[in-house]
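Just below is one structure, and these are the notes that go with it.
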Amino acid sequence: MVRGMNSFDDSDAFEKGAALSLSARARAQAAGARAAPYLDTLNPAQRQAVESLDGPVLMLAGAGTGKTKALTCRIAHLLLTGTARPNEILAVTFTNKAAREMKERVATLMNQPVEGMPWLGTFHAIGVKLLRRHAELVGLKSNFTILDTDDQVRLLKQIIVAENIDEKRWPARQLAHIIDGWKNRAWAPDAVPAAEASAFNSRGVELYAAYQERLKTLNATDFGDLLLHVVGIFQKHEDVLAQYQRWFRYILVDEYQDTNVAQYLWLRLLAGGHKNICCVGDDDQSIYGWRGAEVGNILRFEKDFPGALVIRLEQNYRSTPHILAAASGVISGNKGRLGKELWTDAQEGEKVRLIGHWDGDEEARWIGEEIESMQNGTRGMRPFALNEIAILVRASHQMRAFEDRFLTIGLPYKVIGGPRFYERMEIRDAMAYFRVVTSPEDDLAFERIVNTPKRGLGDKAQAKIQAAARANGVPLKEGARILLAAKGLGGKGAAELRLLIDGLDRWSAAARDGANHVELAQVILDESGYTTHWQNDKTPEAPGRLENLKELVKALEGFENLQGFLEHVSLVMDNDKGDAGPQVSIMTLHAAKGLEFPAVFLPGWEDGIFPSQRSIDDQTGKVEIGREADEERRLAYVGITRAEELCTISFASNRRVFGRWQDQMPSRFIDELPEAHVEVLTPPGLYGGGYGAAAPGAMPDGVFAGSQLETKAAEANVYNSPGWRRMQARAGARGTSQPREARNMVIDATAVPAHGLGDRVFHQKFGYGAVTGIEGDKLEVAFDKAGVKKLVAKFVVAADRADDVPF
DNA sequence: GATCTCATAGTTTTT
DNA sequence: CTATGAGATC
């Protein structure tokens, strides 16, 4: 979402770069005199990758092999040897974070800021720059808007409804996904192959074309267009392509294994002349196939660029030998790899640790306790600080168990990669206001805010506005003005709409007159009633939302004006909140790519979870057998290789999936861990050992003895031990959650059986509160801090017995 | 037009 | 189980 009026802000990028390059050249000569010091810090493979500047190069860089170092040194080398000027280098990454990091590291190497590298950025950011320069070639104006997925889906929904298609059977989300897929493969509407004709009830292509038309009239693009349009321009306009082929004398690509077909074509076109392209990647870390990435791109590199130099970076500087061996063991199960073998000089260190638990809660509890004791040093290991520890899960819903548990025991944690700041409702609303203020013709933004906060302008009123706008061929805001003038709207709605339009006019004028944009933003939020709207909202989230709005206004300070902010935020904004002291990181395996931690926990290694059910199904049938299964295995490889010193894998025998209890089978990947590099820990709670007090050797060697069934059987033996059976006998039938029941027995003993209306109670997580409702064994409690919750009576105790509260 | 209740469907996620 | 969305009700 978001707009850019300052479209040619970089039109002088080449000139700027050129100016800077003079000094760079001077410096290069000086540096050339003394041998470049950074070269001495490289190993032979890295050095070759840095010094082989001309012709196609494929750098196969395993996890932790100093890939970013090689890449940044290569850029520095291009500059310092005077081979290329800063503006002649095209360097693309996938994330803003990677781009930022690269910029910083090049700057450090060069000992100067790198503002003169205008073409270092993400595929999308560079795509925007290129597209703004040539927008007219695809029927857009250079100040086009970039829609985010939300806007995209809403637009598609409108089209679907307009076509009288049942939106329930054919949801807009699904269509958005299909269209994304086509765009990822660089198929414009007229280029979608006939084989796809049946998509979306056979109307997919037609709707795709309608959507693209609609985008054009809105002067908007979606993310896919940023690449698709540019590829289209390059293909249809030889002169434009030739120009860029000359300009970008050296091309560098990070994470090449993640490129989709559109990005691949984009690169191949640009590199077509000189072929000075250096792609860095790791086929073993390709984990984004589900969103269009083609591992094939990297596997095919040598065919695409005959005579390419292939360099393998295999010396790992991150992990211990045990960890590397475990990772290699797992990944070796994949076929069609380019093949790398990581090695290291590092000390042997701890083996990869494996532990099974009874259920998911148990697993979370154990990890919580293990982290607690790791802080002081345990099992003969050095102490670990909380920020040295990460928990990596397959799917985000697995995080909840850990959050719950860590809240309970008060262990500081942070979730990485949750909903993005700018994806939050209140931020999107606020930005929609800014959008309408800076570009009054932005209909999507207008639709979003016209009745937010509630102004008594419902579907009917909005339909009238739409009709008025369409009849006069003007944007919605003008349509609304006409409607009001014609007295086509009555009552409260009319007055409110009048107020809104006047406000928007006023704010737009203020923005034009160069009012301070930070103050203006605050004024907009206040006068529109949006701030009040949340102040009056009594839901528990409201304070947080107001807080976010404050932060948004503060973020504006870093920009020249509202337009500049909006332009930036659509592509760049992240929500790195300032850390409040050391915290354990919780994130998905996908989010962990590129990161490293001294200690890593990998929970939930169970068939159906990891590897995911979908990937298991994929193995047995259909088109490309095992494609997704291979990707899961790469994900396991990514997970293990995040660990520097300590890697702990765990699984549970029972887990609640969508509220149902399920028997879980240990992950097939566990069988693939080489036994010599794994130490099996004893699950707690067995043999009367008590939680957290592990007795050695209880997990049988059979875990590694072969088939999965054997694993399961062996594991079952543990659980059939006398102590365990006693526990089971006490707790009831097998197959339900015995430990849970067992714990609950304790709970029952301590909990006051009955709470009455109005009683003060205490809950471990939610704190103190008063009972406001009783429903069987469930209570409704209004907590002082946490708001109103419904919960099972046995999880609260009378307030005066708070010390006894079980958990 | 707004609020409530019921039904439904649930990987991974950057730009 | 729980978040989300659509229909029904006030």
Side-chain angles (χ1 to χ4, degrees), chain A residues 1-2 92-99 121-128 146-150 152-153 157 166-168 171-174 177 180 183-184 221-228 255 258-260 262-263 286-293 360 392-401 404 416-420 422-423 425 451 453-462 491-493 496 568-574 587-594 604 608-618 628 631-632 634-635 638-639 655-662 789-792:
Chain A
M1 72 180 174
V2 170
V92 274
T93 64
F94 273 85
T95 65
N96 292 302
K97 202 172 146 216
T122 63
F123 275 102
H124 294 269
I126 292 170
V128 175
I146 305 161
L147 304 186
D148 65 10
T149 26
D150 231 71
Q152 194 188 347
V153 169
K157 199 172 195 167
D166 181 7
E167 213 268 333
K168 268 172 91 179
R173 287 214 157 278
Q174 192 193 333
H177 185 245
D180 269 351
K183 287 188 175 178
N184 283 341
T221 66
D222 60 21
F223 281 118
D225 282 342
L226 299 179
L227 297 163
L228 179 72
E255 306 282 16
D258 288 339
T259 49
N260 61 35
Q263 287 157 338
S286 162
I287 56 175
Y288 284 108
W290 50 272
R291 72 176 196 214
L392 311 182
V393 296
R394 173 67 246 264
S396 50
H397 63 80
Q398 291 172 262
M399 297 187 204
R400 194 199 224 106
D404 282 354
I416 312 268
R420 273 169 183 60
Y422 62 84
E423 278 169 7
M425 189 207 306
N451 199 31
K454 299 279 184 287
R455 295 193 172 85
L457 299 164
D459 292 347
K460 258 167 72 188
Q462 287 187 43
K492 180 168 166 274
E496 291 271 8
H568 234 74
V569 86
S570 67
L571 292 172
V572 178
M573 185 137 166
D574 21 54
M587 69 189 93
T588 63
L589 287 161
H590 284 93
K593 191 164 81 151
I609 293 192
F610 188 44
S612 70
Q613 193 55 51
R614 187 195 249 262
S615 70
I616 295 173
D617 297 344
D618 166 70
E628 293 191 35
E631 187 155 309
E632 296 286 307
R634 292 194 288 263
L635 208 42
V638 168
R655 198 176 284 277
R656 209 164 30 183
V657 184
F658 298 143
R660 291 244 157 270
W661 280 97
Q662 272 190 7
K789 307 264 180 203
K790 278 193 179 146
L791 23 84
V792 179

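Just so it is clear: chains get the letters A, B, ... in the order the sequence lines come, proteins before strands, and each one is counted from 1. Computation of the quantities below employed the complete heavy-atom set of this structure, encompassing side-chain atoms and omitting hydrogens, waters and symmetry-equivalent molecules.
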Starting at [atom1] of [X] and ending at [atom2] of [N], how long is that distance when rounded to a whole Å?
X	N	atom1	atom2	answer
Gln662(A)	dC1(C)	CD	P	15 Å
Asp404(A)	dT2(C)	CG	C1'	13 Å
Asp148(A)	dT15(B)	CG	P	13 Å
Arg660(A)	dT2(C)	CZ	C1'	14 Å
Asp150(A)	dT4(C)	CG	C1'	13 Å
Leu457(A)	dA2(B)	CG	C1'	14 Å

Under 4.0 Å between any heavy atoms, over every strand shown, what does [X] touch: base, sugar-phosphate, or nothing? Just pick one.
X	value
Lys157(A)	sugar-phosphate
Asp459(A)	sugar-phosphate
Arg400(A)	sugar-phosphate

Checklist entry - Near Asp166(A) CG, under 6.0 Å, is it more than 12 heavy atoms from other residues, nucleotides or ligands? => result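 Yes, CG of Asp166(A) has more than 12 neighbouring heavy atoms, counting only those of other groups under 6.0 Å.
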Checklist outcome for this item: With sequence neighbours left out, the residues meeting ring-ring contact (aromatic ring centres under 6.0 Å, His included) with Phe610(A) are Trp605(A), Phe669(A)
Checklist entry - When you measure from the side chain of Phe223(A), which nucleotide among dT2(C), dT15(B), dA6(C) comes out closest? => result dT15(B)
Using the 3.5 Å cut-off, write out each protein N or O paired with an N or O of nucleotides 7-10 of chain C and the distance between them.
none

Checklist entry - For every nucleotide of nucleotides 7-14 of chain B, 5' to 3': is a protein heavy atom under 4.0 Å from its base (B), only from its sugar-phosphate (S), or from neither (-)? => result ---BBBBB
Checklist entry - Within the distance-only criterion (no hydrogens, no angle test), does the side chain of Gln462(A) pair as donor or acceptor with the backbone N or O of Leu457(A) below 3.5 angstrom? => result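 Indeed, once roles are kept as given, a pair shorter than 3.5 Å links the two residues.
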Checklist entry - With no hydrogens and no angle check, is any side-chain donor or acceptor of Asn260(A) less than 3.5 Å from a backbone partner on Gln263(A)? => result yes
Next on the checklist: Once you measure the plane-to-plane angle for His590(A) and Tyr288(A), does it fall in the parallel (<30°), tilted (30-60°) or perpendicular (>60°) bin?
Outcome noted: tilted
Checklist entry - Run the side chain to side chain contact (heavy atoms under 4.5 Å, CB included) check on Ile146(A) and His124(A) step by step: do they pass? => result CA-CA 11 Å; Ile146(A) 305 161; His124(A) 294 269; over 6 Å; no
Item to check | With Glu255(A) via salt bridge (charged side-chain N to carboxylate O under 4.0 Å, His left out) - residues at least two apart | outcome: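 Once residues adjacent in sequence are excluded, the partners of Glu255(A) under the salt bridge (charged side-chain N to carboxylate O under 4.0 Å, His left out) criterion are Lys67(A), Lys593(A).
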Item to check | Glu631(A): partners by salt bridge (charged side-chain N to carboxylate O under 4.0 Å, His left out), with sequence neighbours left out | outcome: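 Salt bridge (charged side-chain N to carboxylate O under 4.0 Å, His left out) check on Glu631(A) returns Arg634(A).
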Checklist entry - For Ala401(A), what residues pass the side chain to side chain contact (heavy atoms under 4.5 Å, CB included) criterion, not counting sequence neighbours? => result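 Partners of Ala401(A) under the side chain to side chain contact (heavy atoms under 4.5 Å, CB included) test: Ala364(A).
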